Amino acid sequence: MKQLKQQLRAMLLRTLAMSYKELMHILRDKQMLGFALVMPVMLILLFGFAVSFDVERVPLVLVDQDHTPASRALADAFTASRTFEVVAQTEQPAEAERMFRSGAAKVALVVPAGFAKASLHDSEAVAQLLVDGADNTTASVALGYANAVALASSQRSFAAAMGRAEPPIDARVRTFFNPGLKSSVFLVPGLMVMVLSMMAVMLTALTVAREYERGSMEQLFATPVGRLEVMLGKLGPYFVIGEVQVLLVLTLGVGIFDVPVQGSVALVFAVSSVFLLAMLMQGMFISVMTRNQMLASQIAAITTFLPSLLLSGFIFPIDSMPPPLRVLASILPPRYLVHGLRAVLLRGVGFADVVRDMAPMLAFFLVLLALAARKFRREVA
Amino acid sequence: MSTPPIIEVRDLSKRFGSFQAVNKVSFHVERGEIFGYLGANGAGKSTTIRMLTGLLAPSSGSATVAGADIASEPTRVKRAIGYMSQRFSLYLDLSVEENLRFFAGAYGLSGAHRERRVHAALELAGLHDRRRVTTRDLPGGIRQRLALGSALLHEPAIVFLDEPTAGVDPAARRGFWRVIRDLAAQGTTVFVTTHHLDEAEYCARVGLMVDGRLVALDTPQGLKTAHVPGSLYAVESPEGTRAAAALLTDAPGVLAVEPFGQRLHVRVQGSADPLRFQNLLTSRGVLGATFEPVEPTLEDVFLALVGDAGKATP
């Protein structure tokens, strides 16, 4: 018993010594430290402002050949919200096409002559909405909006014709948890995935490879420091950096992008920390396997950027992916962090509800730890 | 009576693919001894050290270091030894003190004990007032002393030094060896590899590695009498030594002719008179050659043995 306690104490001392050494390396390398703290801020600002699925101020060219109150009412219906912005008005459809080509307009509303007359007499009133399909997000949002506007205005004219003030059925869609469907709210958890995975994996991917490259691994292995102690000791300081990154991303998300924190902040950190461990271990694993900084950094970049962007559910829903990708996505940690964070931040769920997200990430960490320890031989030659 | 040897090596071998790096090496090292391990680059010195420090598993054979088997108890070996590797021994981006603190922790030292040992290492390296200096900024000789101090933090029974003085200037090398001898005097066993043959003179015993085999093992004096028999003369000639070398090699009574700097080291049978050879040279037109008796050095031993080994393995 006493011997076991002594052994544990010695292990702890050695692990702490590794952490201390790694911390000193980090503190010496101001460039790296700056990179680790400035990059998350840059990324979140860049992605937060640039990657947005909120379609606003889509340039619209209005081709009104009718010039009646009815045609103007239809045009107003389109321009009333911030979704479209009239950039030009013309009577020539050819002019609209020219603007499409130059990119000056993405949508054209064409109201042909006789529109008003047709709507008064029972025949069909036809207006045309031309959409530039090259930008598919804008196009689909514009189409959806156009349908809604068309439906509403036809309901109104129908009601007017029937002599009633209100349409008979008023169907409304209410979105829970993110009522504005603002994409930044949706995106911040996704950005957290990108920032944490890229930074964490990159930082640890270099650390073991560096020891091999400068020959210090041999010196380390000549001391009683064990494989697990090397790996866990090295993780320590990077884990702290990672937590600072979580704090940065969260602060920016709440402060600038109005991300609500419905659940507990502690839970946000708990979920992020497990993810962080998994990512740090992924980098460590790459480092142990490659023993080469150059190769390790390339593999780190490939194995973090794509999964965190594509397989996290950050942008593309995982449920609509082909089965092999779905399997891959459920092995890798990113989707669990996105899911867990969205649950805590937007829905305000408790610990019991995110355990299902934390467990697979923890499993990922442990499996990689075991694999790395197996590969991490004491032989150095 | 005598304590059991602190290092015992039996038929130790290491093979990398088809390359036999270490070939059935057997020897033992006594407690408190300075044991020199000599050989050219690639002769198998570092590979032997790596096996003895538990860094590399042997292909066959066995060894015990401080009573622990290197193959089955590498962790016990590591606790008992200090090791200064050839390529790396300190983190250059860390300060003197940070390096020492780290290695002390790596050896499981803590608290007041750790502080005491760090102080001792600073003392040994003479770096008390430069403890905050970045290790990279220290001159090579000081850095090596610091590395030695760091290998001794946990007061190991044995310290393995792999080419500790490579790239260190002669004055610093002398200082370094003074420290090594002090260590041995206090009872620490020192296992040291070097290719500076003059340093091997400081060793109690010297093993000589050639192509993975231990071809000789004795005290420096013993090696000289065994492998450099006869009398040794340094031959100098105003016209250069090439012609003299050619003539002397074939002369009867000459055991060996080796170039030695600007001169030749000519070893002759004990009874032969140097005047005879001088006359021989003169008669063949090599004038003014001088014969000066010299004491054999380990370099002569090395040359004699490497020459023999070269003949033995075509």
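Residue numbers start from 1 in every chain, and the chains themselves are labelled A, B, ... in the order their sequence lines are given, proteins ahead of strands. Predicted model, so just to flag it, every value in this text is computed and none were measured.
The distance from atom OH of A:Tyr20 to atom CD of B:Glu98, rounded to the nearest 0.5 Å, is 4.5 Å. Here CG of A:Leu23 is found 13.0 Å from CZ of B:Phe102. Values are rounded to the nearest 0.5 Å.
Applying the side chain to side chain contact (heavy atoms under 4.5 Å, CB included) test between B:Tyr91 and each of A:Arg28, A:Gln219, A:Glu211 identifies A:Glu211 as the sole match.
In plain terms, the two heavy atoms of B:Ala106 and A:Ala17 that are nearest each other are N-CB, 3.6 Å. Nearest heavy atoms, B:Leu55 versus A:Ala222: CD2-N, 3.7 Å.
Contact count against chain A (heavy-atom pairs under 4.5 Å) is highest for B:Gly105 among B:Ser95, B:Gly105, B:Gly108. Contact count against chain B (heavy-atom pairs under 4.5 Å) is highest for A:His25 among A:His25, A:Glu229, A:Arg9, A:Arg14.
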Test log, rule side chain to side chain contact (heavy atoms under 4.5 Å, CB included), inputs B:Asp93 and A:Arg214: CA-CA 12 Å; B:Asp93 57 327; A:Arg214 62 180 160 197; 4.0 Å; yes
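Using a 4.5 Å cut-off between heavy atoms, A:Met11 does not touch chain B at all. For A:Leu12, no part sits under 4.5 Å from any heavy atom of chain B, backbone or side chain. Only the side chain of B:Phe103 comes within contact range of chain A, with heavy atoms under 4.5 Å apart.
In this structure the side chain of B:Gln86 never reaches within 4.5 angstrom of the side chain of A:Glu218, judged on heavy atoms.
More than 12 heavy atoms of other residues, nucleotides or ligands sit less than 6.0 Å from atom CZ of B:Arg181.
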